[in-house]
Amino acid sequence: MREALAMKYVLSVFAGAASYGVLSTFVVLAYGQGYALGEVVGSQMLIGFLLCALAAGMMRRKERKANVLPGGGERSRSKTAIAAAGLTWRKRLLLMAAGAPTAVTGLVYYESLRYIPASLAILLLFQFTWISVLIQAFRQRKRPGALIGISLAVLLGGTLLAAGIFEQGIGRLHWLGVLLGFLAAISYSLFILFSGKAVPEAPPAARSMWMIAGGLLLVFALFPPEFLWNGKLLGTLPLFGLLLGFFGAFLPPILFAYGVPHIGEGLAGILGAAELPVAVLLSSVVLHEEVSWLQWAGVLLVLLGVALPEWLRGWRARSQIGHSGHARGA
């Protein structure tokens, strides 16, 4: 029974990561329909905000009903309800500011898809793994350990393989697309840094709603939402907005909030790497991008680089427990 519950949480985090992996394919298909960057990102953020607002409203209504006693009184409110009620405008603005980098990430990542294949764009975005390590080391003024260094070396080697550089050379890569891909990785690293510290006590749905609201306002400031009145809503743009908003802004935060507390951040980080093979697989199958076996080997190396630190830590912990058990037995 306990193993079944654990698997439920594992599958939840895996599904959340895989949801992120489908986004690049939807964006390329939307570009094929003639939609512009601001229309794609704007519709995604708008529908994501509406979905999160709907979920937050349903959670508040459910909480209020649960607190009403049969005689008309009210039970003591849970920590979740108290946190939801305690979202002052200062906390809301803080969440909106923390959510702005996710809009920047979407803008530069989706724009990179105009110049480079989706399979390469997701690899560049995945460089947030070592960029986050460098940012953390700089903030703590502490050099990364040997284990992290080995992991980063595996990540870099896997990225070079998966990008096809050893097969086709670096000349085939569009420099602007590569630059935008790296900027997306930097922006996503900043999003991870800020979002984890912004009002962590807030309920997941309300938290996501206000963070997406910050990103939505930024996108609308950069790209006025003309699609709301120029007739684009009569085409397929709402469908792409719904797919991108659901799989990119709404579903993953809910699945992560459900599963991560039960499996831990280490395993969650490994499962989060599911985004990469899903994106590359869809690029190959749906977009018919050519992905060689050598590139797939690079993808596996990248996944190994993500999982390696956690695996080695677990191995060391089990070894120490085994040694201590033998010592007590002796």
Only one of Leu237, Leu233, Leu243, Leu242 clears side-chain contact (heavy atoms from CB on, under 4.5 Å) with Ser43; which?
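It is Leu237; the other options fail the test.
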Quick one: which of Leu125, Ile186, Leu190, Leu183 gives a side-chain contact (heavy atoms from CB on, under 4.5 Å) with Thr105?
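With Thr105 as partner, Leu125, Ile186, Leu190, Leu183 yield a single side-chain contact (heavy atoms from CB on, under 4.5 Å), made by Leu125.
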Applying a strict under-4.5 Å side-chain criterion to I, L, V, M, F, W and Y, I'd like to know whether [X] and [Y] cluster together.
| X | Y | result |
| --- | --- | --- |
| Leu282 | Leu239 | yes |
| Leu54 | Met59 | no |
| Leu51 | Met58 | no |
| Leu234 | Val40 | no |

Work out which heavy atom in [X] is nearest to a heavy atom in [Y]; give both atom names and the distance.
| X | Y | value |
| --- | --- | --- |
| Val219 | Ala103 | CG2-CB, 3.7 Å |
| Phe128 | Ala185 | CB-O, 3.5 Å |
| Ala213 | Phe49 | CB-CE1, 3.7 Å |
| Ala56 | Met209 | CB-SD, 4.5 Å |
| Pro238 | Gly235 | CD-O, 3.4 Å |
| Ala121 | Leu113 | CB-CD2, 3.5 Å |

Lys232/Glu39 under side-chain contact (heavy atoms from CB on, under 4.5 Å): CA gap, chis, key distance, verdict:
CA-CA 9 Å; Lys232 292 291 181 71; Glu39 295 169 341; 2.7 Å; yes
A side-chain contact here means heavy atoms from C-beta on lying under 4.5 Å apart; do [X] and [Y] qualify?
| X | Y | answer |
| --- | --- | --- |
| Phe247 | Gln44 | no |
| Val286 | Leu281 | no |
| Ile122 | Val280 | yes |

Evaluate whether atom CZ of Phe227 has more than 12 neighbouring non-hydrogen atoms of other residues, nucleotides or ligands under 6.0 angstrom away.
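It does: Phe227 CZ has more than 12 such atoms within range.
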More than 12 heavy atoms from other groups under 6.0 Å of CH2 on Trp175
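Incorrect, the count does not exceed 12.
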Working note: Leu276 + Leu123, criterion side-chain contact (heavy atoms from CB on, under 4.5 Å); need CA distance, chi angles, decisive distance, verdict.
CA-CA 7 Å; Leu276 177 59; Leu123 282 165; 3.7 Å; yes
Worked check of side-chain contact (heavy atoms from CB on, under 4.5 Å) between Ser283 and Val291:
CA-CA 9 Å; Ser283 299; Val291 182; 5.5 Å; no
Step by step, work out the side-chain contact (heavy atoms from CB on, under 4.5 Å) result for Tyr110 and Leu244.
CA-CA 11 Å; Tyr110 292 173; Leu244 292 169; 4.1 Å; yes
Taking [Y]'s backbone N and O only, do any of them form a donor-acceptor pair with [X]'s side chain (distance below 3.5 Å, no angle check)?
| X | Y | result |
| --- | --- | --- |
| Gln127 | Leu124 | no |
| Gln33 | Ala30 | no |
| Ser112 | Tyr109 | yes |

[X] side, atom [atom1]; [Y] side, atom [atom2] - distance, nearest 0.5 Å:
| X | Y | atom1 | atom2 | result |
| --- | --- | --- | --- | --- |
| Ser19 | Phe14 | OG | CZ | 10.0 Å |
| Leu107 | Leu218 | CG | CG | 7.0 Å |
| Leu216 | Ile212 | CG | CD1 | 9.0 Å |
| Glu111 | Leu37 | CD | CG | 5.0 Å |
| Phe126 | Ile131 | CZ | CD1 | 12.5 Å |
| Met45 | Leu50 | CE | CG | 11.5 Å |

Strictly by modelled atom types, are Ser284 and Glu289 linked by a side-chain donor-acceptor pair under 3.5 Å?
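Looking only at side-chain atoms, Glu289 and Ser284 do not form any donor-acceptor pair under 3.5 Å.
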Do the ring planes of [X] and [Y] sit parallel (below 30°), tilted (30 to 60°) or perpendicular (above 60°)?
| X | Y | value |
| --- | --- | --- |
| Tyr35 | Phe240 | perpendicular |
| Trp89 | Trp210 | perpendicular |
| Phe246 | Phe250 | tilted |

